[in-house]
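We number each residue from 1, following the sequence as shown.
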Amino acid sequence: MKKLLIIEDEPNFARFLELELEHEGFDITVAHNGREGFHLANEQGWDLILLDLMLPGLSGTEICRRLRSQKNKTPIIMLTARNSVMDRVSGLDNGADDYLPKPFEIEELLARIRALFRRVYESEEEKDEAIEFQDLLVEMGTRTVKRNGEELSLTKREFDLLIVLLRNVNHVLTREQLLNLVWGFEAGTETNVVDVYIRYLRQKLGTGDQYIQTVRGIGYVMKG
């Protein structure tokens with residue numbers, strides 16, 4: 001049975017999530033403020049953390065940042081009523097694995113959880129895999145990327161985006177496809193976040209659009 005920690009300060013909503021997720025077979029623990037939630041997140045192992053953005057005591061963004069700085073790799077889905085692109089980017093940059101704006105249907109949350117588990121808990125074969133592309137070397141087990149032998153510092157999201165592009169060399173991917181494959185967002189969700197992370201990734205690779213090319217009006221492609 002997978003263990004989930006819910007950090008949510010609104011009692012009725014927290015109880016709703018608890019009941020629905022227990023019905024789906026998860027072992028649920030609930031924290032109602034940021035400090036309690038952060039303490040619990042570090043106290044024991046969790047398979048997933050559902051984290052509200054706006055919390056008393058300690059914000060969801062700060063909890064994310066502290067957990068990741070302590071090398072805590074527990075998958076995190078951020079839940080919030082704030083739905084701007086920059087709110088999403090801030091949460092993801094500070095270590096969240098996915099972002100779900102309120103209100104949402106429980107079916108969508110369950111789909112996000114399933115997609116996240118598929119992405120995070122890779123098979124052993126995938127972990128041993130290495131991908132070579134031009135002067136890039138990607139080692140899946142250590143999640144490292146090297147260009148001409150020099151290691152690049154990528155965030156988790158930038159790494160995941162690069163892997164999707166590398167697995168689809170010479171195939172154009174729409175922004176909606178990239179959202180589904182990297183973030184688990186449903187098609188139709190605002191796609192600006194993809195453009196933001198493509199820009200980040202190009203900057204980290206240091207080659208402009210040498211690898212990742214824009215297909216105007218459609219999306220992006222990694223050219224072999």
Side-chain angles (χ1 to χ4, degrees), residues 64-65 68-69 71-78 85-86 88-99 111-224:
C64 256
R65 189 193 66 77
R68 296 311 188 222
S69 70
K71 310 301 181 185
N72 186 320
K73 296 182 179 180
T74 304
I76 295 172
I77 297 178
M78 189 166 281
V85 171
M86 292 316 298
R88 294 184 188 189
V89 171
S90 176
L92 296 170
D93 275 349
N94 280 282
D97 297 276
D98 201 350
Y99 189 112
R112 299 285 187 94
I113 291 173
R114 290 192 295 268
L116 181 55
F117 282 163
R118 286 195 300 270
R119 295 200 303 271
V120 172
Y121 300 114
E122 301 167 320
S123 68
E124 290 304 313
E125 292 78 12
E126 288 174 319
K127 288 182 179 180
D128 292 335
E129 183 182 358
I131 301 174
E132 294 186 56
F133 177 80
Q134 296 183 20
D135 55 2
L136 294 177
L137 173 64
V138 180
E139 297 173 348
M140 297 297 292
T142 57
R143 295 180 67 87
T144 58
V145 179
K146 296 179 181 178
R147 180 169 181 251
N148 291 322
E150 181 178 348
E151 187 170 339
L152 306 177
S153 178
L154 302 187
T155 67
K156 181 183 184 305
R157 193 66 64 182
E158 291 163 355
F159 180 90
D160 292 342
L161 177 57
L162 177 61
I163 293 305
V164 168
L165 291 166
L166 286 172
R167 292 194 190 284
N168 292 277
V169 169
N170 296 324
H171 292 280
V172 177
L173 296 172
T174 68
R175 291 171 176 82
E176 289 79 9
Q177 287 174 318
L178 288 169
L179 281 172
N180 284 327
L181 291 168
V182 180
W183 284 266
F185 291 169
E186 294 294 329
T189 300
E190 196 169 0
T191 56
N192 301 42
V193 69
V194 174
D195 301 322
V196 172
Y197 272 84
I198 288 289
R199 184 172 71 251
Y200 289 167
L201 190 53
R202 282 172 169 166
Q203 291 171 349
K204 294 286 183 71
L205 295 176
T207 56
D209 61 358
Q210 174 183 326
Y211 299 131
I212 308 168
Q213 297 185 13
T214 303
V215 181
R216 191 174 300 278
I218 300 176
Y220 298 96
V221 60
M222 181 79 86
K223 283 287 189 179

Checklist line | Verdict with supporting geometry, E151 and T144, side-chain hydrogen bond (donor to acceptor under 3.5 Å, both in side chains) | finding: CA-CA 7 Å; E151 187 170 339; T144 58; 5.3 Å; no

Next item on the list: Mind running side-chain contact (heavy atoms from CB on, under 4.5 Å) on L161 and L154 for me, showing each step along the way?
Entry: CA-CA 10 Å; L161 177 57; L154 302 187; over 6 Å; no

Next item on the list: Output, in order, the C-alpha distance, side-chain angles, deciding distance and verdict of side-chain hydrogen bond (donor to acceptor under 3.5 Å, both in side chains) for Y99 and R112.
Entry: CA-CA 9 Å; Y99 189 112; R112 299 285 187 94; over 6 Å; no

Check: Could you walk me through whether V145 and L162 pass the side-chain contact (heavy atoms from CB on, under 4.5 Å) check?
Finding: CA-CA 9 Å; V145 179; L162 177 61; 3.9 Å; yes

Notebook entry, point to check: Does the pair L201 and Y197 meet the rule for a side-chain contact (heavy atoms from CB on, under 4.5 Å), with working shown?
Noted result: CA-CA 6 Å; L201 190 53; Y197 272 84; over 6 Å; no

Item checked: side-chain contact (heavy atoms from CB on, under 4.5 Å) between I76 and D98, worked out -> CA-CA 7 Å; I76 295 172; D98 201 350; over 6 Å; no

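Using a 4.5 Å heavy-atom cutoff, the side chains of V221 and L165 are not in contact. When side chains are defined from C-beta on, K223 does not count as touching V169, because their heavy atoms never get closer than 4.5 Å. With contacts defined as side-chain heavy-atom distances shorter than 4.5 Å, the pair L173/Y220 does not qualify.
One distance of note links CD1 of I163 with CZ of R143; it measures 7.5 Å at 0.5 Å rounding. Once rounded to the nearest 0.5 Å, the distance linking OH of Y211 with CG of L166 reads 10.0 Å. In this structure, M222 CE and I212 CD1 are separated by 5.0 Å, a value rounded to the nearest 0.5 Å. In this structure, E139 CD and E132 CD are separated by 9.5 Å, a value rounded to the nearest 0.5 Å.
A donor-acceptor pair shorter than 3.5 Å can be found between the side chains of T214 and R202.
Of the possible polar contacts, none joining the E150 side chain to the R147 backbone as a donor-acceptor pair under 3.5 Å is found. A distance-only check finds no donor-acceptor pair linking the side chain of N72 to the backbone of R68 [under 3.5 Å].
Smallest separation of non-hydrogen atoms from I131 and M140: CD1-SD, 4.4 Å. The shortest non-hydrogen separation linking C64 to A96 is SG-N, 3.7 Å. Across every non-hydrogen atom of E158 and S153, the tightest pair is OE1-O, 4.3 Å.
The pair D160-K156 meets the salt-bridge criterion, with a side-chain N (NZ, NE, NH1 or NH2) lying under 4.0 Å from an Asp/Glu carboxylate O.
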